[in-house]
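One structure, pasted below without further comment.
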Amino acid sequence: MSEHTLNFILWCANLIISLLAAPLLPGIINKVKAFYAGRKGPRVLQLYYDLAKLMKKSSVYSTSRGLIFELAPWGSLATVLLMLLLLPAACLASPLAFPGDMILFVYLAGCGRMLTVLAAMETASAFEGMGASRECQFSMLAEGVMLAVLAALVLLTRNFTLSGALTSLTPAGWFSGGTAILFLAAALYIVMLCENCRVPVDDPETHLELTMIHEAMILDNSGPELAAIHYSAALKLWVFGVFLATLLLPDLAAGSWLEFVIFYALIFGMAVSIGVIESVMARYRFLKVPQLLAGALAVALLGIVLIAIFGGGFVK
Amino acid sequence: MSLINAIVLSLLVGSAFVSLLQGRFDRLANVFGAGGCIAALLLKLFITAFSSDPLQICFQLPITLVGIAAAWHSIGYMKDHGTHRMSLYWFLFDLTIFAMLSVTMLPKGFTFLLIWELMGLASFGLVAFDWSKDQVRKASWVYLLACEAGGLLLVWVLGMGNSFMAAATVGTIIAFGLKCGFPLLHVWLPEAHPAAPAPVSAVMSAAMIPLGFYGIAAWAPWVITLPAVGWVAFAAGLTGMLGGIFFGAGQSDLKRLLAYSSVENIGIITLAFGLAVLGKSINNDLMMLLAAAGGMLHIINHALLKGALFLCAGSVYKSMHTLDMDVMGGLIRKLPNTGLVFTLSGMGISGLPPFCGFTGELLIYMAAFQGIAYGTGGIFAASAAAVIALALTGGMAAAAFAKTISAVFAGEPRSEAAANAHPVSLGMVGAQVFLLFFSLLMIFGGIGLVGKFAGSKYNNMLMLPLVYNAIFALVLIWLTIIFMWYRKKLRKRRADAENLTWDCGFAEPTARMQYTATAFIQPLADLFNGVLQQKKSIVPVHGYFPKEAKFTTETPDGGSRWLWEPLFSAASFVSGKVKRLQSGFLHIYILIMIVTILLMLAWSLLSRPAADNGRTGYAATEKAVEK
């Protein structure tokens, strides 16, 4: 079996693991939060039970709905699946990578979001309108930060595929140019918090609809549609985890098991860190969130400046 | 080929005059006007599809496709218009299409100028078609001013000939920029589009505006070698797209918002051409080709999507007789097909995959990435700025169209007019679906077009992203369909229910509980209020049992508010002062004439050659010869 085939099989195996393990992440976050609060908390596998239960239920649809409402949960699930297909597994490039796929990656997220927003507006609910309006505001800024991070990656690696740009960092390169990488990771982390509706941008736990964004938009979804929404939210968190992990992970030796161990440890570590953040700080006022994202943009631009000054010569 | 072109053009002129002869017979005028136009354009479409010149395709395809759809849509839209003037309408419409098509086949010169003027005047007639309305008269006046200013500049450029290259370049860019709607020159767009009949807006916004780019390419082909022009285009594109969509998002008039979205898209195209010139200046051929191909592709994509959006806006107007989005809502139940076309086209124009609006932007992004990876100094910085600005524009466009789609079609009706909206004719829907079909086709058609454009060396680099993008688009669509099919299978086994929206007491739903278009965009508008400077009027809540509270916003255009209005009011102030000379007394006029003659005399004395102590110029020359 050639190395190429082996890599392909490993990448596919990782894809299946991703699809199966994604619902673990919210469970881990909740467990960490329960630990901080001194509670026992729900099981780590709770989301699996929830999904199974929701798939068995029937749905209640709003009488105000239009064309998008029934389509949106499934359409946005499809966009997240495609985002996953574009990402590398540890240091193995995606077989579907093509030059310019990083832009498709960002815009697929935009497409899924648009569907969710339109579906929320179709219910004519004031709460859902509020959530949709805020989602549009924050995601616009987050998209700018995301593209700035990608621009920095292109400058660093001169590689125009997402897989190539994320996997071409060498261990030696880490020691000479890791500062810039850390800047980019910090900016990306804030984008991740925003895109996945976590504290301090959004609070997924609260039951005061006035303070929610994503949860407010899906108030009227139920049954299998709600299951699709929960699953794609978990998968989106996994997608950003992969992005962060592959950004930080240098290429030790293609396909080595150590790499995969670090890769998964980074993803689950991200979930733990989210849990810690949600335990120790409160959600920001909405007026403050644009400042947070502008700060992230500044951090990403600093990363670009660092790379521009010290050159992009530390990649393979 | 030229024979078929001649047939097409003469068919258009012929049907224009024949339909004019129909007088008050609207039906006959429809038959000749629309029939002739559609027949001619179908013939033209057939030969354009097999053309090998990408420049021709990218300017003629929008004219033919949007022209056909708009002519088809006009029949329904202009029905019950009252005044029996369809013969005049078709005369102007066919002449406009004729002039637009002819322009794309002409080189720089007097004929071009003449046809360009014809295009401006005929379309002015269409914009002013409902002249009994105050707003229409004002808008068409602004449009006429913009057209004629551009025409005058072109006369000046033509008169200069080949001397004064720099002045000719600047004049050409400003003259055609007026048509394109470059920032600050765009002020006629948000005025003229809401005033014109919807099919006319569609043709003008989709196919006529981009002809400005053709004009620049035909009149000043050397701009591609001037880095300074690249920088100007970059700056104009950046401000155009950001300003266009920021001001657009704040509007609550449906067609005015679409007009601003055109300014935004023209900005994106201008930015692309700017990047192409900058790429050429650093000898990065790939960057140049990516940017130019992206810009070309975006011209076609924008035309098809914006054409469909304007036609849908026309259908909405026809069924509600208003364009104010804050009183619409729930129209999806009355106009399901129009709503579907508007939703898909709106997502497309926001640049979201799987729709075709994304393909052009993808190539422009990649050009900017080339500039980031291989450019130095200013070009590196410009490319990075372009990437971030494109992302912000995309996000803002998505917000603006989420607002538009949901305010018009989603939720519950916000007024009696919206609740009682009546469906539109089948032909109007057909024209919209026609454009939607071609815009979906462009997801794949763009690959072939870019292939024609790229030549051989960079073919792979340009076409590969589009091929993959088309595959991903198909996978996205099929995945969604499969999920929906599975959901439907689940439904057979259980009882899904319908109920009112859950909203803490939605049981007594009134439309006033919904978010309005203004409310939806207000957080973003507030965030960028430094640029927008919205005018707000608030009647705040008073007391424990408040009776009335009100909040309205208005987003006047920045260009006309801070540049043109002060400029024109200064001009009218000065001419008001000068007007005092016109007193009506004969002896004052004679005095003015005498003073003028004396001044001219003095001027002619002073401007004589000063050499040789007052001897005549002729004698001085003679002396010089003697020496």
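Per chain, numbering begins at 1; letters A, B, ... match sequence-line order.
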**Q.** Proximity breakdown for L287(A) and chain B, heavy-atom pairs closer than 4.5 Å
**A.**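 Looking at L287(A), nothing touches chain B.
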
Q. Under a 4.5 Å heavy-atom cut-off, does chain B meet the side chain of R113(A), its backbone, both or neither?
A.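 No part of it gets close to chain B.
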
**Q.** Contact origin within S139(A) toward chain B - heavy atom pairs under 4.5 Å
**A.**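 Contact with chain B: none, neither part.
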
Q: Heavy-atom pairs under 4.5 Å with chain A are the metric here; pick the option from I405(B), I477(B), L464(B) that has the most.
A: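 The option with the most such pairs is I405(B).
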
Q) What residue in G351(B), A397(B), A407(B), P354(B) has the most heavy-atom pairs under 4.5 Å with chain A? A)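 Highest number of heavy-atom pairs under 4.5 Å: G351(B).
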
Q: Select, from L524(B), I521(B), L340(B), the one with the greatest count of heavy-atom pairs under 4.5 Å involving chain A.
A: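 When all of L524(B), I521(B), L340(B) are compared, L524(B) has the most.
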
Q) What part of A519(B) gets closer than 4.5 Å to chain A, counting heavy atoms only: side chain, backbone, both or neither? A)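 The answer is the backbone of A519(B).
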
Q: Run the salt-bridge test on E498(B) and R65(A) with the 4.0 Å N-O cut-off and return the result as yes or no.
A: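 So E498(B) pairs with R65(A) through a salt bridge.
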
**Q.** Pairwise side-chain contact, L242(B) with F528(B), heavy-atom cut-off 4.5 Å (strictly under)
**A.**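 They are not in side-chain contact.
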
Q: Examine whether an atom of E135(A) lies under 4.5 Å from a heavy atom of chain B, and if so say whether it belongs to the side chain, the backbone or both; otherwise answer neither.
A: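 Neither the backbone nor the side chain of E135(A) comes within 4.5 Å of chain B.
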
Q | Heavy-atom side-chain contact between D326(B) and R414(B) under 4.5 Å | A |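 D326(B) does not reach R414(B) side chain to side chain.
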
Q: Below 4.5 Å from any heavy atom of chain B, which atoms of A300(A) appear? Answer side chain, backbone, both or neither.
A: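 No part of it gets close to chain B.
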
**Q.** L71(A), part contacting chain B, at a heavy-atom distance under 4.5 Å
**A.**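 Both backbone and side chain.
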
Q.
Is A97(A) in contact with chain B via its backbone, its side chain, both, or neither, using a 4.5 Å heavy-atom distance?
A.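 Interface part for A97(A): backbone (N, CA, C, O).
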
Q) Does R487(B) come within less than 4.0 Å of D496(B), counting only side-chain N to carboxylate O? A)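 The answer is yes: the pair qualifies as a salt bridge.
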
Q. Which bit of P99(A) comes within less than 4.5 Å of chain B, counting heavy atoms only: side chain, backbone, both or neither?
A.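 Its backbone and side chain both get close to chain B.
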
Q) Under a 4.5 Å heavy-atom cut-off, does chain B meet the side chain of M55(A), its backbone, both or neither? A)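 Both backbone and side chain.
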
